[in-house]
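What follows is a set of notes on a single structure, which appears directly below.
Note: hydrogens, waters and symmetry copies are ignored here, and every other heavy atom, side chains too, is used.
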Amino acid sequence: MAAQTNTTRRIGDVEVSGIGLGAMPMSIEGRPDEARSIATIHAALDAGITLIDTADAYHLTATDVGHNESLIAKALGSYGGDTSGVLVATKGGHLRPGDGRWTLDGSPEHLKEAADASLKRLGVEAIGLYQFHRPDPTTPYEDSIGAIRDLLDAGKIRMAGVSNANPAQIQQANEILGGRLVSVQNQFSPAFRSSEPELEFCDKLGIAFLPWSPLGGISNAGDLGAKHPAFHQLAADLGVSPQRLTLAWMLAKSPHVIPIPGSSRPETIRDSYAALDLELTPDQVATLDAA
């Protein structure tokens with residue numbers, strides 16, 4: 001297979017690697033020790049990854065809110081190379097009270113306080129990309145996005161995005177932000193394709209689409225090939241992992257797609273990044289689309 005010459009994509013006016021690092025597995029249930037997590041982040045940077053996805057809700061107990069953000073800040077600070085080109089994307093609007101639940105608070109007051117706290121944990125003058133994590137049924141969507149707009153106008157965040165949004169919400173968010181919406185982060189994988197309309201809508205608007213859990217989630221990523229025979233077979237034919245093939249398939253769907261596979265091991269994020277060198281034919285993409 002011929003290697004792709006363009007391994008970068010754009011979020012707003014920022015060029016990032018076409019594959020990002022989803023850092024959530026390093027901070028929630030089953031998380032590894034800190035040394036392995038930092039080694040994983042450093043391996044991602046060594047490979048060429050310049051997009052790291054996090055959220056203030058990526059933590060385990062009620063007392064370690066923002067654990068993932070702090071971990072990323074520590075890893076970037078201890079990295080021997082230049083990290084000035086790394087975009088850290090974080091999110092606000094989810095909470096974890098410490099009993100395993102994921103709760104919501106999309107109130108403008110909470111979002112502004114959460115952004116300020118994230119800003120301090122990340123140790124930056126402005127958050128590179130701040131995304132509203134998930135719509136809160138108890139708060140009008142326009143109020144939540146209005147808070148994101150205020151953060152953007154105040155210079156506390158450089159770019160704004162939304163997560164877990166449908167096409168109508170994407171359109172509404174972009175209007176409230178005055179055309180400044182740069183990203184949509186939704187679940188998308190071989191097993192979860194119901195966000196295909198959002199992917200297509202983002203492609204039409206020229207907005208980055210960031211698939212979360214692109215390999216099926218922490219507990220399912222290892223069994224991706226077993227659960228999806230077409231992906232297993234084509235991966236075997238090409239001599240690559242089903243996971244790498246899956247990411248290459250997503251990259252081929254639109255130049256605005258930037259998958260953010262979760263990882264907690266250096267070897268898995270290196271394999272994910274190698275998807276940028278796997279160029280699929282239209283027929284191969286069509287086969288996987290139909291699988």
**Asked** So, Glu69 and Thr54: side-chain donor and acceptor under 3.5 Å apart, yes or no?
**Response** no

**Message:** Check this for me, if you would: do Asp46 and Arg270 make a salt bridge, where the nitrogen-to-carboxylate-oxygen distance has to be below 4.0 angstrom?
**Reply:** no

**Item:** Backbone N/O of Thr103 and side chain of His94: donor-acceptor pair under 3.5 Å
**Value:** yes

**Message:** Could you check whether any side-chain heavy atom of Ser107 comes within less than 4.5 Å of a side-chain heavy atom of Asp143, counting everything from C-beta outward?
**Reply:** no

**Request:** Over all heavy atoms of both residues, which pair between Leu177 and Ala160 is shortest? Give the atoms and the distance, please.
**Result:** CD1-CB, 4.0 Å

**Fill in**
side-chain hydrogen bond (donor to acceptor under 3.5 Å, both in side chains) pairs touching residues 209-219, sequence neighbours excluded, are Asn164-Trp212

**Prompt:** Taking everything shown except His232 itself, do over 12 heavy atoms lie less than 6.0 Å from its NE2?
**Reply:** no

**Message:** Parallel, tilted or perpendicular: which one describes the rings of His42 and Tyr79, with boundaries at 30° and 60°?
**Reply:** tilted

**Asked** Would a hydrophobic clustering, with Ile, Leu, Val, Met, Phe, Trp and Tyr connected at side-chain separations under 4.5 Å, put Leu45 with Met26?
**Response** yes

**Prompt:** With the threshold set at 4.0 Å, does a side-chain nitrogen-carboxylate oxygen contact exist between Asp56 and Arg96?
**Reply:** no

**Request:** Could you tell me whether a side-chain N or O of Asn68 sits under 3.5 Å from a main-chain N or O of Ala23, the two making a donor and an acceptor?
**Result:** yes

**Message:** Within the structure provided, determine whether Asp150 and Lys112 are in side-chain contact (heavy-atom separation under 4.5 Å).
**Reply:** yes

**Request:** Would you check if Arg265 and Ile269 make a side-chain contact, meaning some heavy-atom pair closer than 4.5 Å?
**Result:** no

**Prompt:** In chain order, what residues pass the side-chain hydrogen bond (donor to acceptor under 3.5 Å, both in side chains) check against Ser163, with sequence neighbours excluded?
**Reply:** none

Only distances under 3.5 Å count here; give the side-chain donor-acceptor pairs of residues 197-211 to other protein atoms, sequence neighbours excluded, each with its distance to 0.1 Å.
| unit_1 | atom_1 | unit_2 | atom_2 | d |
| --- | --- | --- | --- | --- |
| Asp203 | OD1 | Ser254 | OG | 2.6 |

**Message:** Could you check whether any side-chain heavy atom of Leu238 comes within less than 4.5 Å of a side-chain heavy atom of Leu280, counting everything from C-beta outward?
**Reply:** yes

